Structure formats: structure tokens, C-alpha cells
Amino acid sequence: MNLERMGTRDLHLFFLIDASDSMSYGGKAETLNNAIRESIPHIREVARESEGGIKVHALSFSTGARWLVNHVDIRDFTWENIKTKGVTDMGRGFELLSEKLSTHFQGERGYQPVMILLSDGMPTDDYQKGLEKLLATRWGSKAIRIAIAIGSEADMDVLQEFIGDSFRGELKPLLAKNAAELKNYIRWASTAVSQASINPVKPIVPVPQIEVEGVDIDALEW
Amino acid sequence: MPEQLPVGALVYTDSEIWTVEKELGTGGQGSVYKVTSGAVSGALKWYNHQSATEQQKEAIEELIQLGTPGESYIWPESVATLKKDVDKGDASERHTPHGFGYLMPLIDGKRFTKLSYYFSGEATFKTEDAKIAACLQIAASFHALHLSGLCYRDLSFANLFVDFETGEIQICDNDNVTFDSLASPKDAWGTSGFIAPEIMRAEAPPSSLTDLYALSVVLFRILFLQHPLQGAREYAIDIADQDSEIRLYGTDPLFIYDPDDDDNRPVKGKKDISDFFWNRYPESIRQLFTEAFTRGLHEPHERIRESVWIEALSVLRAQDYYCESCGGTLYYDLNRLKKGERCEHCGRSLNFVPPRVKIGNRVLTLTHCRTFYVNQIDSSRPLAYEEPFAQVVVHPKYPTVWGLKNLSQEFWRYTASDGTEREIGQGQVLPIKNDLEANMGGTDAVFRIGTK
């Protein structure tokens, strides 16, 4: 008896992280590093309870884009601090991801991948071109795409474009105004959304409370 | 209201103040915490903003009033709030102002493990008997729930806890239990893979009949590991999403061992773990599951009832024996023995017929540690699966001489070698020999010793 012959499918979880220079101010990068580490045990718990595993991938974009984590099982996943420097080549990040999806994911079986975009600013390159490439891939178009704005400088319209109609068009970008919110959103996106992908017929998807109106920008803590 | 409670937070029930000790888990509706009040520990489910509705609160209050349907249920005990004097507010208000939760018993984490972990290979049943015992208890628990007019709605591996040594079970997440009279398909609820086809097609709400479907999936998966509808068709899907799930489990469901349609068979070498198990269980069990996932897929009223599962699983529990070569657990199946099939554990030919007793058309095996229960012997009492009836005992001086100890209150009768009629009362032993015919409290039985 060989458990591999269960023929289970994996959930692929992608982090797309803004590592531009501005992330180094106000403790944003440190909070993000901490928030991802905090999420790991909770993602592991989701994986334990689901069949198949959760595979983590992460890339950062600043001047150019690079892979930080490639196809690592959540049980073995650890998070290294991001290095911040340069501009916000978000489009290049999308392109790098689309290249991987159109090559390494041929013949792969999985749940709808979950992609979490985290950014604190506006793209400095042609993000639309990159996004088009990403959405032209089968795995990119089928993904549940989540976007988290770190502070009020982020371009919410760009983040909304990234989300598009994924998850039945129910999702809006999340605005993290402080460290506690960022931690909560990252945990929600990596656990509750992963659960929703693994169990796509459960009607209730717990979206965290989002304050849309009455956001007090002056009170932001960055 | 807070979405999550911090450690040290206080919550109030009618008579107690509880302190949040730690988070135990988070799900779609909220989080569960370990809480203490003095020396007493309990578990608290605290609803998130979306789920903390007045309707949910009333449902919990109703369940508390009804009381638990059985020992295996982790049933709500009292409603918990953050303040002692709760704002009653306007009953029509959708969200309760300060949130709420409910207290329930704490599961003994040293003994009980989520059934989910069995499927990731992290936990395994200590014995084959514990595995069947767990199946039996799950069926019996749902039998009791449905008898009280309730339905569970969301049976899955995440809601079942198992003691993998003994097979005892605990059922949690009972806040979704409701009266078996939902009218609208909008009340759909459930976990992927356990949801009945008619719910997947949005044609019917959850009910005791859809619970029966989920029950058959749970039992199939414990015994065969693979999902009964996940064969070639599932394997061919690259990215599983809502549409593919609706096809697989709703509009186009097909049993992997459907006798008339082989389009969805297990995929050799890739997704075929059930092939290891399918033939090892007796024909009667295979037939029952085939019925559950052919006719039962399409005709909810024809689904296998719990009482039928209880009887079949009880009989199965008294049909195991050990391979002469490797000691692996086997199930008695005359057809397999006749065909000279091989042991699935060691590959050697099955040429040993174990000691056994025939009752009507039922053959039960005799092993040195066997206890027989009433419903295995007396087919007029199909639900008496926990009431001991007899026990195999080994003679203290002559270990090859076996007997059957009468644990029932009925008298047994047999004719001894000298032609005399003898009676075996409670606590006495019937000596087993080949071709022995006995009447066990009204049931005729014929014994056979083991042969090669």
C-alpha cells in the first residue's frame, strides 16, 4: 500500500512581494516578514487537514524581479527577510510568474492556485503588459488572486485590476493601515482563501472586515 | 465586535465566567478556543462577524434545549457572550452587537485525533477491528441523530475525531445541526466530496437523506481510502474548481467500481489505492457500497440506511482472521478461497480456511480474541452491536482446545458426544469441535474447525 497512489492534488500558494525601496520605511518590510512567518503554522494546519499538500512559491519585484521561494512544501517552508532596494517593477514580477506557469506547470494537477500580491506603491513599469501575460496562462487565469495594499500610498486601482473577476468578482483589495491589519490579512489570504480553493463549493467565504468608507488616511501608522 | 478573542479575554455564560487560554483552530464560521473557569476546562466556539447572526444564536439555543442525541456528540452546552448583561437589541437586527459563541466539552486531545489525519498518513488505526469499530460508531451516531428528527448537514473528516487505538469517535461542529425540514436549496451546506448530488445540482437542501450520502462516503473512504467518485474523471482535471466539482459530484457522478460503466475506474499506478482494498472485503460489503454509489447516487430514498450499515459492519467485524504465512488481517470470503487468491499482504496463496461458525447464511470466523455481539448472532436485533453475546476462550490446560463462553442470559443447548443433551448457561463454556451443532438462545449454529 502506497499513499502516493491516493493521487491527491496540491494547492499552489504564490506570494508576489513588493521589495522596492519604500518598503524599508516605517517598518513595512519587517512587519511583512513577521506576518508571513506568523502565518506558516496556520497554513500548515490547513494542509494537514486537506488531502494533498500546499506548495509555496514567492517572488519579489523592485528593480527587476526574482524568485525567493520555489515550490517548497509548506511543512519545510521557512521565510527569509526580504531585501528592499530600487523601484517597483510589478509588471516584471507578473512576467516572471507567467514564465514559470507556462513551463513548469504543464501537466501539473492542483486546486485553483492562490496568488497574494502585496504592494505599498505604484508600479514603475508597464504592469499591464505583464498582467496580460499572466492572465493569458491557464494557471494565472484560474487563480484566486488577492491583493493587499500596505499603507495608503498603494495604487488600489492596479490592485483591483490584478484581482479582476477571480473568485466570482467578490473580492476587493485589502488596505492594511497598520501592522496588526497586515498580519490579519496575510493570515486570512493564506489560510481562509486556501481553504476556499480546496473546498470550492462551500458557500460561505469568510472575507475579513474591510473598512471602505471613512478611512482616516491621516491616522495611518506607517 | 472582535473577530478573534485574545488570550485572557473573559466570556460569560449563564452561571460561569470563562477565561480564554488559547486558540485551538479556525474555520469558516469562527474560531475555537480552550477556556477555563476555575479548575474546569471547556471549549468555546466564537463566531466571526459574518456568522454571528441572531438566527444562528437562536439555533444554538434550540440545540442546547434539545440536548445531545448521544455520547459521541460534542454538543453545545450554553451560549457565551462578552458582557454579562447582553443587549437584547432589536431581534430583527442581523448581527448581534457584541458577538457570541457557545461552550461545549473539550475533546481529549491525547486520545482523539481528527479523522483528516488518517488520510494524510499521519494517523492510522491500531487494528483492523478499531477501524471497523469507528465505522460502526459513526453509523450508529447518525442513526441516533436522525431518530431525533435532526440532520447534520456538514459531515466530513474535519468534524470527526477518532481514538485510533479503540475506534471510539467524537462528532464536533454540531452548531450546524438543524431540524430535518429545510425547504430551500439555498440552505446548501457541506464540504466538497461529501455533498449529495442533488445538493450539488442545487435541487435540494441538506436533509437526513443527504447525510446518508455523506455517511456512505465517509465509510467508503475509511475502508478504501479513495473517494468513491474520484477515478479517471477526476484525475483528468488539471485545475479543480467549482464547475469541475459540480460535474464530478453533481451532474455527472459515476462510481469508480460501477458494474455497468467503466469510464471512471481508478487510474493504475497514479490514483488506484482503493484497488488494494476493494477485493479484500467480502462480497456482501462490496455489494452494499455498489448499491450506495449506483442507485443511491440518483435515488435519495434508496440510500443505504444506518441500520443496514450497522448490521453489515457488525458482521464484517466478526469475519476477520489472520494469514497463516504473514499474520496480516484477512476477511473470510469463500469465493476468494475457492479461487485460490493470494494474500494481499504477503502474496502467498490463501489455502487456510479459518475456524468458523455458520448461522443461517452468515459465516463468522473464530479467532482467539473474538467477542461476539448480539446482532452478529441474532438477526432479529440488528442494532444490538454493543451487547456482548459470546466470547472465544482457550482452554487453560490445552491451548488447542477452544470453547465459546456464553455471555448472554439465554441458555444454549447442544448434544454431547455421548448423545446427551446439555445446557450452557451464562458464564459457561460450549466446547468447540468440528461439525458441532448448537442452539444459541434460539439461533441454530454449526461450527467448523480450521482446515488447510
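Below, read A as the first sequence line, B as the second, and so on, with proteins coming before strands; counting in each chain starts at 1. Just so you know, these numbers come straight off a predicted model, no measurement behind them.
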Between [X] and chain A, which part of the residue has a heavy atom less than 4.5 Å away: side chain, backbone, both or neither?
{"X": "B:Lys270", "result": "backbone"}
{"X": "B:Tyr249", "result": "neither"}
{"X": "B:Gln242", "result": "both"}
{"X": "B:Leu115", "result": "neither"}

#### Entry: side-chain contact (heavy atoms from CB on, under 4.5 Å), paired with B:Leu225, selected from B:Phe276, B:Phe277, B:Phe220
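By the side-chain contact (heavy atoms from CB on, under 4.5 Å) criterion, B:Leu225 pairs with just one of B:Phe276, B:Phe277, B:Phe220: B:Phe277.
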### Query
Do NZ/NE/NH1/NH2 and the carboxylate oxygens of B:Lys131 and B:Glu128 come within less than 4.0 Å?
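Yes.
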### Message
Check this for me: does any side-chain nitrogen of one of A:Lys55 and A:Asp73 sit under 4.0 Å from a carboxylate oxygen of the other?
### Response
yes
### Query
Just checking, any donor-acceptor pair under 3.5 angstrom between side chains of B:Ser274 and B:Gln226?
yes
### Query
Any side-chain donor paired with an acceptor under 3.5 Å for A:Glu161 and A:Tyr127?
yes
Does [X] have any side-chain hydrogen bond (donor to acceptor under 3.5 Å, both in side chains) partners at least two apart in sequence or in another chain, and if so, which?
{"X": "A:Gln195", "answer": "none"}
{"X": "B:Asp275", "answer": "B:Tyr257, B:Lys268"}
{"X": "A:Lys183", "answer": "none"}

### Query
Among B:Met200, B:Glu344, B:Arg221, which has the most heavy-atom pairs under 4.5 Å with chain A?
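Sorted descending by pairs with chain A, the first entry is B:Arg221.
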### Task
Name the option with the most non-hydrogen atom pairs under 4.5 Å to chain B; the candidates are A:Glu49, A:His42, A:Glu45.
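The option with the most such pairs is A:Glu49.
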### Task
Measure distances from A:Arg9 to the heavy atoms of chain B and classify the residue's part below 4.5 Å as side chain, backbone, both or neither.
side chain
### Query
Under the 6.0 Å and 45° cation-pi test, does B:Arg280 pair with B:Tyr331?
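No, cation not above the ring by the 6.0 Å, 45° rule.
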### Task
Sort by residue number and list every member of residues 95-111 of chain A having a non-hydrogen atom under 4.5 Å from chain B.
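Hits under 4.5 Å: A:Glu108, A:Arg109, A:Gly110, A:Tyr111.
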